[in-house]
Amino acid sequence: MATDMRAWLASLPGSGKAIPILSFPSAQLLGVSVYDLTHDAAAQTAGIVRVAQETPAAAAVSMMDLSVEAEAFGATIKAVTDEVPTVLGALISDEDEARALRVPEVGEGRTGLFIEAVKNAKAQITDRPVLAGVIGPFSLAGRLMDVEEALVNCIADPEFMEAALEKATEFLVKYVKAYKDAGLDGICMAEPLSGLLSPALEEEFSAPYVKQIIDAVQDDQFIVIYHNCGPNTPLMTESFIKNGAAAYHFGDAVSILDLLEKMPANVPVCGNISPSQEFLGGTPESIYKATSELIAACASYPNFVISSGCDIPPAAKWDNIRAFFRAAEDSKNV
């Protein structure tokens, strides 16, 4: 029976449950490498399931590998043992190459592996929703032409940017629909590159394409959580609201309070304990304190949901992860 994800989201803030973007530290629990998690469906399934077994997270989230979609287009990937894969160089360098770029079929590259892994995890995780991690359209276009070039091309060569965005969006609609067909409960769409733009450029080169994807896939049984960890996000809230995502997730480069003040009170806003400073570099005591203090600071906002600020690094300490969840649980009783 399909989960009513709108009802689940409505109850999430009041539940006091945390929903961190937690997947890659499962490598430590399984005794496998990050390379294994991103290149082997069985290992990835086991990692998602193990995190669900080890934590009271409100949802299970798949591996947030933002190289997968670009690789399917033909981009070169750097994949080493214990780091999340990254895109190397540029696949396209002008508008003509963008127009000629073939949109891959779902299943090419590692996209089929990721869908298989999360589908199998969903079959085993029955006590909470399962969400897939997917890149956003501007962030994907940036990986196809080089991230720095994308920021420049919004002004210097907007036709090139638009051509790349059209191809990226066409693929992402198909890719997200494949996750939906596989029985997933939704996606977390990561669009961090757009958070480096000015608000006007974000509204032109990211927002319409994000909305196109959301409109194509979201319904009561399948939701989109929009993630952006760029520093300009507090300036972009009016645009974000229009994209129609069911919930929003923000990074630790900004104050979550600034965003809560501007976002609608009936839409969950998740964030934003630092993945690097606390989950990776902190101590159980420091992350417990930071988490408790953030929950207390946001207590007057009925739509706040405690989370990590972004994807938690593979080497994050499990003592810190457990302290984060303990702080969230203890704060329910305050």
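All residue numbers refer to positions in the sequence shown, counting from 1.
- No side-chain donor from either of N272 and S308 sits under 3.5 Å from a side-chain acceptor of the other.
- With salt bridges taken as basic N to acidic carboxylate O contacts below 4.0 Å, none links K242 and E238.
- When every heavy atom of A121 is checked against every heavy atom of I48, the shortest pair comes out as CB-CG2, 3.8 Å.
- In this structure F138 satisfies the ring-ring contact (aromatic ring centres under 6.0 Å, His included) test with no other residue, sequence neighbours excluded.
- Sorted by first and then second residue, the pairs that involve residues 15-57 and meet ring pair (Phe, Tyr, Trp, His ring centres under 6.0 Å), not counting sequence neighbours, are Y35-H39.
- Of the charged side-chain nitrogens involved, at least one lies within less than 4.0 Å of a carboxylate oxygen, so that E95 and R99 count as a salt-bridged pair.
- A distance of 10.0 Å separates CG in N232 from CD in E202, rounded to the nearest 0.5 Å.
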Using atom types as modelled, flag every donor-acceptor pair under 3.5 Å from a side chain in residues 85-92 to any protein atom, sequence neighbours excluded.
none

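- Distance OH/Y209 to CD/E204: 8.0 Å, rounded to 0.5 Å.
- For the pair D219 and R6, the salt-bridge criterion is not met [side-chain N within less than 4.0 Å of a carboxylate O].
- A donor-acceptor contact closer than 3.5 angstrom links the side chains of S93 and E97.
- Sorted by first and then second residue, the ring pair (Phe, Tyr, Trp, His ring centres under 6.0 Å) pairs involving residues 73-105 (not counting sequence neighbours) are F73-F171.
- With a 6.0 Å radius and a threshold of 12 heavy atoms from other residues, nucleotides or ligands, K17 has its NZ atom at or below the threshold.
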Intermediate values then yes/no, side chain to side chain donor-acceptor pair (under 3.5 Å), Y179 and D181: CA-CA 5 Å; Y179 277 117; D181 291 344; over 6 Å; no

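- Using modelled atom types and a 3.5 Å distance limit, the side chains of R326 and T291 yield no donor-acceptor pair.
- Take L280 and apply the side-chain contact (heavy atoms from CB on, under 4.5 Å) test, not counting sequence neighbours, and it matches P313, A315.
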For residues 140-155, which side-chain N or O atoms pair as donor and acceptor with protein atoms under 3.5 Å away, sequence neighbours left out?
| from | atom 1 | to | atom 2 | distance (Å) |
| --- | --- | --- | --- | --- |
| R143 | NE | L66 | O | 3.4 |
| R143 | NH1 | S139 | O | 3.1 |
| D146 | OD2 | E148 | N | 3.1 |
| D146 | OD2 | E149 | N | 3.3 |
| N153 | ND2 | E149 | O | 3.1 |

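- Y288 has its ring centre no less than 6.0 Å from the ring centre of F324.
- Proximity of a side-chain donor or acceptor of Q28 to a complementary backbone N or O of A316 within less than 3.5 Å is detected.
- Between the side chains of S62 and Q44, no donor N or O sits under 3.5 Å from an acceptor N or O.
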